[in-house]
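Scroll down for the structure; my scribbles are underneath it.
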There are 2 protein chains.
Amino acid sequence: MVQESIRILHTQGYKATEPRKLVLEVLEEIEKPLSPYDIQEVLRAKGKYLNHVTIYRILDLLCSLNLAHKMLSGGGFVKCSLDPVEGCHRFMVCQDCGAIQEFADEGLCQRENEFARNHGFHTEHHLSEFSGLCSRCHK
Amino acid sequence: MVQESIRILHTQGYKATEPRKLVLEVLEEIEKPLSPYDIQEVLRAKGKYLNHVTIYRILDLLCSLNLAHKMLSGGGFVKCSLDPVEGCHRFMVCQDCGAIQEFADEGLCQRENEFARNHGFHTEHHLSEFSGLCSRCHK
DNA sequence: AAGCTAAGTGCAATATTATTGCATTTATCT
DNA sequence: AGATAAATGCAATAATATTGCACTTAGCTT
(Lines give C-alpha, C1' and ligand atoms only; values in the text may rest on other atoms or scores of the structure.)
Protein backbone atom coordinates (compact mmCIF):
# COMPACT_ATOMS: atom_id res chain seq x y z
CA MET A 1 0.00 0.00 0.00
CA VAL A 2 1.20 3.45 -0.92
CA GLN A 3 -0.35 4.76 2.27
CA GLU A 4 1.94 2.55 4.33
CA SER A 5 5.03 3.76 2.49
CA ILE A 6 4.00 7.33 3.10
CA ARG A 7 3.68 6.62 6.78
CA ILE A 8 7.21 5.25 6.82
CA LEU A 9 8.52 8.30 4.98
CA HIS A 10 6.98 10.47 7.68
CA THR A 11 8.31 8.48 10.60
CA GLN A 12 11.77 8.69 9.07
CA GLY A 13 11.51 12.46 8.75
CA TYR A 14 10.95 12.66 5.01
CA LYS A 15 8.19 14.62 3.33
CA ALA A 16 5.40 12.91 1.49
CA THR A 17 5.63 15.02 -1.63
CA GLU A 18 3.54 14.78 -4.76
CA PRO A 19 6.42 13.35 -6.85
CA ARG A 20 7.12 10.67 -4.25
CA LYS A 21 3.50 9.65 -4.15
CA LEU A 22 3.38 9.48 -7.93
CA VAL A 23 6.42 7.22 -8.14
CA LEU A 24 5.04 4.93 -5.45
CA GLU A 25 1.70 4.76 -7.23
CA VAL A 26 3.28 3.84 -10.53
CA LEU A 27 5.40 1.10 -9.00
CA GLU A 28 2.43 -0.25 -7.11
CA GLU A 29 0.19 -0.18 -10.13
CA ILE A 30 2.52 -1.72 -12.70
CA GLU A 31 4.08 -4.44 -10.53
CA LYS A 32 6.92 -4.97 -12.96
CA PRO A 33 10.49 -3.75 -12.89
CA LEU A 34 10.66 -0.20 -14.24
CA SER A 35 13.63 1.98 -15.03
CA PRO A 36 13.57 5.64 -14.01
CA TYR A 37 12.75 6.56 -17.60
CA ASP A 38 10.02 3.91 -17.75
CA ILE A 39 8.42 5.56 -14.77
CA GLN A 40 8.67 8.94 -16.41
CA GLU A 41 6.97 7.49 -19.47
CA VAL A 42 4.10 5.96 -17.52
CA LEU A 43 3.52 9.29 -15.83
CA ARG A 44 3.65 11.18 -19.08
CA ALA A 45 0.89 8.93 -20.42
CA LYS A 46 -1.19 10.06 -17.47
CA GLY A 47 -0.52 13.69 -18.21
CA LYS A 48 1.93 14.10 -15.32
CA TYR A 49 5.52 15.20 -15.54
CA LEU A 50 8.51 14.52 -13.33
CA ASN A 51 12.08 15.38 -14.17
CA HIS A 52 14.24 12.29 -14.46
CA VAL A 53 16.65 13.62 -11.87
CA THR A 54 13.81 13.73 -9.39
CA ILE A 55 12.86 10.16 -10.18
CA TYR A 56 16.42 9.00 -9.66
CA ARG A 57 16.56 10.72 -6.31
CA ILE A 58 13.22 9.33 -5.20
CA LEU A 59 14.23 5.79 -6.13
CA ASP A 60 17.47 6.17 -4.22
CA LEU A 61 15.54 7.23 -1.18
CA LEU A 62 12.94 4.48 -1.45
CA CYS A 63 15.64 1.85 -1.84
CA SER A 64 17.56 3.18 1.14
CA LEU A 65 14.40 2.74 3.21
CA ASN A 66 13.75 -0.71 1.72
CA LEU A 67 10.48 0.52 0.27
CA ALA A 68 11.67 -0.24 -3.24
CA HIS A 69 14.23 -2.56 -4.68
CA LYS A 70 16.45 -2.50 -7.72
CA MET A 71 16.04 -5.83 -9.42
CA LEU A 72 18.93 -8.20 -9.65
CA SER A 73 18.60 -8.92 -13.30
CA GLY A 74 17.57 -6.15 -15.65
CA GLY A 75 18.07 -3.43 -13.11
CA GLY A 76 14.51 -2.15 -13.01
CA PHE A 77 12.90 -0.95 -9.81
CA VAL A 78 9.96 -2.50 -8.01
CA LYS A 79 7.96 -1.50 -4.98
CA CYS A 80 8.45 -3.79 -2.01
CA SER A 81 5.16 -5.26 -0.89
CA LEU A 82 6.26 -6.82 2.38
CA ASP A 83 7.34 -5.11 5.55
CA PRO A 84 10.64 -3.46 4.81
CA VAL A 85 13.48 -5.68 5.96
CA GLU A 86 17.02 -4.45 6.01
CA GLY A 87 19.09 -6.46 3.60
CA CYS A 88 16.85 -9.27 2.56
CA HIS A 89 15.08 -9.03 -0.75
CA ARG A 90 13.55 -11.96 -2.56
CA PHE A 91 11.51 -11.93 -5.71
CA MET A 92 10.00 -14.24 -8.24
CA VAL A 93 9.85 -12.79 -11.74
CA CYS A 94 7.79 -14.21 -14.54
CA GLN A 95 9.91 -14.40 -17.65
CA ASP A 96 6.78 -14.32 -19.75
CA CYS A 97 4.66 -11.45 -18.47
CA GLY A 98 7.30 -9.79 -16.31
CA ALA A 99 5.16 -9.75 -13.19
CA ILE A 100 7.05 -9.80 -9.94
CA GLN A 101 6.13 -11.17 -6.58
CA GLU A 102 8.05 -10.51 -3.43
CA PHE A 103 8.38 -13.28 -0.90
CA ALA A 104 10.06 -14.09 2.37
CA ASP A 105 11.14 -17.37 3.86
CA GLU A 106 12.70 -17.46 7.26
CA GLY A 107 13.89 -21.03 6.79
CA LEU A 108 15.71 -20.05 3.63
CA CYS A 109 17.53 -17.27 5.46
CA GLN A 110 18.66 -19.64 8.16
CA ARG A 111 19.83 -22.23 5.70
CA GLU A 112 21.78 -19.62 3.77
CA ASN A 113 23.38 -18.19 6.85
CA GLU A 114 24.44 -21.63 7.94
CA PHE A 115 25.82 -22.50 4.55
CA ALA A 116 27.84 -19.31 4.45
CA ARG A 117 29.11 -19.79 7.98
CA ASN A 118 30.40 -23.22 7.01
CA HIS A 119 32.46 -21.49 4.36
CA GLY A 120 33.89 -18.89 6.69
CA PHE A 121 31.62 -16.17 5.41
CA HIS A 122 29.67 -13.90 7.71
CA THR A 123 26.43 -13.05 5.95
CA GLU A 124 24.67 -9.73 6.39
CA HIS A 125 22.44 -9.37 3.36
CA HIS A 126 20.54 -11.82 1.23
CA LEU A 127 19.30 -11.18 -2.24
CA SER A 128 17.61 -13.76 -4.34
CA GLU A 129 15.62 -13.85 -7.45
CA PHE A 130 13.91 -16.74 -9.14
CA SER A 131 12.81 -16.45 -12.67
CA GLY A 132 10.35 -18.77 -14.26
CA LEU A 133 6.66 -18.78 -14.97
CA CYS A 134 3.92 -17.42 -12.78
CA SER A 135 0.73 -19.41 -12.31
CA ARG A 136 -1.10 -17.48 -15.00
CA CYS A 137 1.59 -17.95 -17.64
CA HIS A 138 2.39 -21.56 -16.72
CA LYS A 139 -0.08 -23.96 -18.26
CA MET B 1 40.77 -21.75 -15.21
CA VAL B 2 40.94 -19.72 -18.36
CA GLN B 3 41.98 -22.84 -20.25
CA GLU B 4 38.71 -24.51 -19.38
CA SER B 5 36.69 -21.52 -20.58
CA ILE B 6 38.58 -21.58 -23.86
CA ARG B 7 37.75 -25.22 -24.30
CA ILE B 8 34.09 -24.43 -23.83
CA LEU B 9 34.28 -21.60 -26.36
CA HIS B 10 35.68 -24.06 -28.88
CA THR B 11 33.15 -26.79 -28.24
CA GLN B 12 30.41 -24.19 -28.73
CA GLY B 13 31.87 -23.11 -32.03
CA TYR B 14 33.37 -19.82 -30.92
CA LYS B 15 36.91 -18.69 -31.58
CA ALA B 16 39.41 -18.34 -28.79
CA THR B 17 40.63 -14.91 -29.78
CA GLU B 18 43.23 -12.79 -28.09
CA PRO B 19 40.67 -10.26 -26.77
CA ARG B 20 38.56 -13.04 -25.28
CA LYS B 21 41.54 -14.55 -23.55
CA LEU B 22 42.52 -11.17 -22.17
CA VAL B 23 39.08 -10.52 -20.71
CA LEU B 24 38.98 -13.97 -19.15
CA GLU B 25 42.44 -13.47 -17.66
CA VAL B 26 41.50 -10.14 -16.13
CA LEU B 27 38.33 -11.52 -14.57
CA GLU B 28 40.19 -14.52 -13.26
CA GLU B 29 43.00 -12.46 -11.83
CA ILE B 30 40.99 -9.72 -10.14
CA GLU B 31 38.19 -11.85 -8.69
CA LYS B 32 36.02 -8.84 -8.08
CA PRO B 33 33.09 -7.45 -10.03
CA LEU B 34 34.38 -5.31 -12.90
CA SER B 35 32.52 -3.11 -15.34
CA PRO B 36 33.47 -3.20 -19.02
CA TYR B 37 35.38 0.04 -18.54
CA ASP B 38 37.10 -1.32 -15.44
CA ILE B 39 38.35 -4.20 -17.53
CA GLN B 40 39.59 -1.80 -20.17
CA GLU B 41 41.44 0.10 -17.47
CA VAL B 42 43.12 -2.98 -16.05
CA LEU B 43 44.28 -3.93 -19.52
CA ARG B 44 45.55 -0.45 -20.26
CA ALA B 45 47.68 -0.67 -17.12
CA LYS B 46 49.23 -3.78 -18.63
CA GLY B 47 49.92 -2.02 -21.88
CA LYS B 48 47.10 -3.79 -23.72
CA TYR B 49 44.21 -2.17 -25.51
CA LEU B 50 40.70 -3.38 -26.26
CA ASN B 51 37.91 -1.25 -27.61
CA HIS B 52 35.05 -1.01 -25.15
CA VAL B 53 32.61 -2.30 -27.76
CA THR B 54 34.65 -5.46 -27.98
CA ILE B 55 34.59 -5.89 -24.23
CA TYR B 56 30.82 -5.47 -24.14
CA ARG B 57 30.42 -8.10 -26.80
CA ILE B 58 32.78 -10.53 -25.12
CA LEU B 59 30.99 -10.18 -21.80
CA ASP B 60 27.65 -10.78 -23.50
CA LEU B 61 29.01 -13.95 -25.00
CA LEU B 62 30.62 -15.20 -21.80
CA CYS B 63 27.41 -14.59 -19.87
CA SER B 64 25.34 -16.37 -22.48
CA LEU B 65 27.61 -19.40 -22.01
CA ASN B 66 27.50 -19.07 -18.23
CA LEU B 67 31.24 -18.49 -18.14
CA ALA B 68 30.75 -15.08 -16.61
CA HIS B 69 28.02 -13.49 -14.59
CA LYS B 70 26.74 -9.98 -14.19
CA MET B 71 26.49 -9.34 -10.50
CA LEU B 72 23.16 -8.75 -8.91
CA SER B 73 24.13 -5.68 -6.99
CA GLY B 74 26.49 -3.22 -8.54
CA GLY B 75 26.27 -4.73 -11.97
CA GLY B 76 29.91 -5.68 -12.38
CA PHE B 77 30.99 -8.84 -14.14
CA VAL B 78 32.77 -11.81 -12.61
CA LYS B 79 34.18 -14.99 -14.04
CA CYS B 80 32.32 -18.10 -13.00
CA SER B 81 34.61 -20.52 -11.25
CA LEU B 82 32.35 -23.55 -11.11
CA ASP B 83 31.12 -25.70 -13.94
CA PRO B 84 28.79 -23.57 -15.99
CA VAL B 85 25.23 -24.25 -14.97
CA GLU B 86 22.35 -22.87 -16.93
CA GLY B 87 20.40 -20.47 -14.80
CA CYS B 88 21.84 -20.91 -11.37
CA HIS B 89 24.32 -18.36 -10.11
CA ARG B 90 25.21 -17.88 -6.50
CA PHE B 91 27.86 -15.65 -5.04
CA MET B 92 29.12 -14.37 -1.76
CA VAL B 93 30.54 -10.85 -1.93
CA CYS B 94 32.66 -9.30 0.73
CA GLN B 95 31.40 -5.80 1.40
CA ASP B 96 34.81 -4.88 2.74
CA CYS B 97 37.35 -6.06 0.18
CA GLY B 98 34.94 -6.79 -2.65
CA ALA B 99 36.17 -10.33 -3.19
CA ILE B 100 33.63 -12.69 -4.61
CA GLN B 101 33.23 -16.40 -4.21
CA GLU B 102 30.93 -18.53 -6.26
CA PHE B 103 29.15 -21.40 -4.62
CA ALA B 104 26.57 -24.04 -5.33
CA ASP B 105 24.19 -25.83 -3.02
CA GLU B 106 21.93 -28.47 -4.41
CA GLY B 107 19.82 -28.52 -1.27
CA LEU B 108 19.20 -24.82 -1.58
CA CYS B 109 17.98 -25.25 -5.15
CA GLN B 110 15.56 -27.94 -4.10
CA ARG B 111 14.24 -25.95 -1.23
CA GLU B 112 13.75 -22.92 -3.44
CA ASN B 113 12.00 -24.91 -6.15
CA GLU B 114 9.68 -26.38 -3.58
CA PHE B 115 8.94 -23.02 -2.03
CA ALA B 116 8.12 -21.53 -5.40
CA ARG B 117 5.96 -24.47 -6.39
CA ASN B 118 3.91 -24.00 -3.24
CA HIS B 119 3.21 -20.49 -4.47
CA GLY B 120 2.17 -21.56 -7.94
CA PHE B 121 5.43 -20.46 -9.48
CA HIS B 122 7.42 -22.65 -11.82
CA THR B 123 11.09 -21.86 -11.27
CA GLU B 124 13.66 -22.05 -14.01
CA HIS B 125 16.51 -19.89 -12.85
CA HIS B 126 17.97 -19.11 -9.46
CA LEU B 127 20.12 -16.17 -8.65
CA SER B 128 21.36 -15.40 -5.22
CA GLU B 129 23.88 -13.19 -3.68
CA PHE B 130 24.95 -12.87 -0.08
CA SER B 131 26.89 -9.90 1.01
CA GLY B 132 28.79 -9.81 4.23
CA LEU B 133 32.34 -10.34 5.34
CA CYS B 134 34.76 -12.92 4.03
CA SER B 135 36.94 -14.86 6.44
CA ARG B 136 39.88 -12.52 5.96
CA CYS B 137 37.90 -9.35 6.62
CA HIS B 138 35.81 -10.78 9.43
CA LYS B 139 37.66 -10.81 12.69
C1' DA C 1 -5.23 30.32 8.36
C1' DA C 2 -0.74 32.87 6.77
C1' DG C 3 4.28 32.74 7.09
C1' DC C 4 8.71 30.40 7.86
C1' DT C 5 12.22 27.29 6.64
C1' DA C 6 14.45 23.19 5.64
C1' DA C 7 13.67 19.73 2.42
C1' DG C 8 12.66 18.64 -2.11
C1' DT C 9 12.24 19.55 -7.14
C1' DG C 10 13.40 21.26 -11.85
C1' DC C 11 16.67 22.78 -15.02
C1' DA C 12 20.86 22.97 -17.65
C1' DA C 13 25.07 21.18 -18.28
C1' DT C 14 27.93 17.31 -18.25
C1' DA C 15 29.61 12.67 -17.46
C1' DT C 16 29.19 7.89 -17.94
C1' DT C 17 27.60 3.76 -20.00
C1' DA C 18 25.77 1.23 -23.95
C1' DT C 19 24.55 0.26 -28.96
C1' DT C 20 24.82 0.20 -34.16
C1' DG C 21 26.70 -0.28 -38.94
C1' DC C 22 30.45 -0.96 -41.51
C1' DA C 23 35.38 -1.56 -42.88
C1' DT C 24 39.29 -4.30 -41.45
C1' DT C 25 41.55 -8.06 -39.17
C1' DT C 26 42.16 -12.81 -37.44
C1' DA C 27 41.36 -17.80 -35.90
C1' DT C 28 40.47 -21.92 -37.70
C1' DC C 29 39.54 -25.18 -41.51
C1' DT C 30 41.17 -27.04 -45.82
C1' DA D 1 49.83 -21.09 -46.98
C1' DG D 2 45.05 -19.52 -48.49
C1' DA D 3 40.09 -19.10 -47.97
C1' DT D 4 36.35 -17.52 -45.27
C1' DA D 5 33.29 -16.89 -41.64
C1' DA D 6 33.68 -14.87 -37.36
C1' DA D 7 35.41 -11.30 -34.55
C1' DT D 8 37.36 -6.68 -33.69
C1' DG D 9 38.00 -1.59 -34.06
C1' DC D 10 36.25 2.74 -35.19
C1' DA D 11 33.11 6.58 -35.46
C1' DA D 12 28.85 8.12 -34.54
C1' DT D 13 25.00 8.13 -31.68
C1' DA D 14 21.81 6.80 -28.10
C1' DA D 15 20.61 5.93 -23.49
C1' DT D 16 21.40 6.38 -18.70
C1' DA D 17 23.18 8.82 -14.65
C1' DT D 18 25.11 12.82 -11.86
C1' DT D 19 26.04 17.67 -10.21
C1' DG D 20 25.28 22.49 -8.68
C1' DC D 21 22.24 25.91 -8.14
C1' DA D 22 17.85 28.56 -8.33
C1' DC D 23 13.10 27.95 -7.27
C1' DT D 24 9.12 25.63 -5.03
C1' DT D 25 6.58 23.22 -1.48
C1' DA D 26 5.28 20.26 2.76
C1' DG D 27 4.60 20.60 7.17
C1' DC D 28 5.88 23.32 11.06
C1' DT D 29 4.86 27.52 14.15
C1' DT D 30 2.31 30.84 15.67
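Reckoned from all heavy atoms, side chains included, excluding hydrogens, waters and symmetry mates. Protein chains get the first letters and strands the later ones, always in sequence-line order, with residue 1 at the start of each.
Val2(A) belongs to a hydrophobic cluster whose other members, connected by ILVMFWY side-chain contacts under 4.5 Å either directly or through intermediates, are Ile6(A), Ile8(A), Leu9(A), Tyr14(A), Leu22(A), Val23(A), Leu24(A), Val26(A), Leu27(A), Ile30(A), Leu34(A), Ile39(A), Val42(A), Leu43(A), Leu50(A), Ile55(A), Ile58(A), Leu59(A), Leu61(A), Leu62(A), Leu65(A), Leu67(A), Phe77(A).
If you check residues 56-64 of chain A against DNA chain D, the residues with a heavy atom closer than 4.0 Å are Tyr56(A), Arg57(A), listed by number. Sorted by residue number, the members of residues 13-23 of chain A with any non-hydrogen atom under 4.0 Å from DNA chain C read Tyr14(A), Lys15(A), Thr17(A), Pro19(A), Arg20(A). Taking a 4.0 Å limit (strictly below) on heavy-atom distances, residues 35-55 of chain A reaches DNA chain C at Tyr49(A), Leu50(A), Asn51(A), Val53(A), Thr54(A).
With sequence neighbours left out, Asp60(B) forms a side chain to side chain contact (heavy atoms under 4.5 Å, CB included) with no residue at all. Annotation: ring pair (Phe, Tyr, Trp, His ring centres under 6.0 Å) contacts of Phe115(B) (sequence neighbours excluded): Phe103(A), His119(B). Partners of His52(B) by ring pair (Phe, Tyr, Trp, His ring centres under 6.0 Å), not counting sequence neighbours, listed by chain and number: Tyr37(B).
More than 12 heavy atoms of other residues, nucleotides or ligands lie within 6.0 Å of NZ in Lys46(B), so this atom counts as buried by the packing criterion. Counted within 6.0 Å of CD on Glu31(A), heavy atoms from surrounding residues, nucleotides or ligands total 12 or fewer; the atom is thus considered open. Counted within 6.0 Å of CD on Glu124(B), heavy atoms from surrounding residues, nucleotides or ligands total more than 12; the atom is thus considered enclosed.
The salt bridge (charged side-chain N to carboxylate O under 4.0 Å, His left out) test with Lys79(B) is passed by exactly one of Glu25(B), Glu28(B), Glu4(B): Glu28(B).
Within the structure, the salt bridge (Lys or Arg N to Asp or Glu O under 4.0 Å) test picks out the following pairs touching residues 87-101 of chain B (sequence neighbours left out): Arg90(B)-Glu112(B). Counting only residues at least two apart or on different chains, no salt bridge (Lys or Arg N to Asp or Glu O under 4.0 Å) pair has a member in residues 126-139 of chain A.
What separates CG of Leu9(A) from P of dG8(C) is a distance of 9 Å, to the nearest Å.
Inter-axis angle, ends of the helix from dA1(C)-dT30(D) to dT30(C)-dA1(D), five pairs per end, rounded to 10 degrees: 40°.
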Next on the checklist: Please evaluate residues Arg44(A) and Glu41(A) with respect to the criterion salt bridge (Lys or Arg N to Asp or Glu O under 4.0 Å), reporting the C-alpha separation (whole Å), side-chain torsions for both, the decisive distance (0.1 Å), and the verdict.
Outcome noted: CA-CA 5 Å; Arg44(A) 214 188 293 274; Glu41(A) 208 40 58; 3.7 Å; yes

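When all heavy atoms of Cys88(B) and Cys109(B) are compared, the closest pair comes out as SG-SG, 3.8 Å. Summarising the geometry of His125(A) relative to Gly87(A), their closest heavy-atom pair is ND1-CA, 2.9 Å, with the distance given to 0.1 Å.
There is no path of hydrophobic side-chain contacts, each under 4.5 Å, that joins Met92(B) to Leu127(A).
Gln95(A) places no side-chain N or O within 3.5 Å of a backbone atom of Ser131(A) that could act as its donor or acceptor partner. Judged by distance alone, the side chain of Asp38(A) and the main-chain N or O of Ser35(A) form a donor-acceptor pair under 3.5 Å.
Interface limits on DNA chain D: the 5'-most and 3'-most nucleotides within less than 4.0 Å of chain A heavy atoms are dT16(D) to dG27(D).
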I'd like a list of close polar pairs between nucleotides 2-4 of chain C and the protein, N/O only, cut-off under 3.5 Å.
none

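Contact annotation: the side chain of Ile100(B) approaches that of Pro33(B) to within less than 4.5 Å [non-hydrogen atoms, C-beta and beyond].
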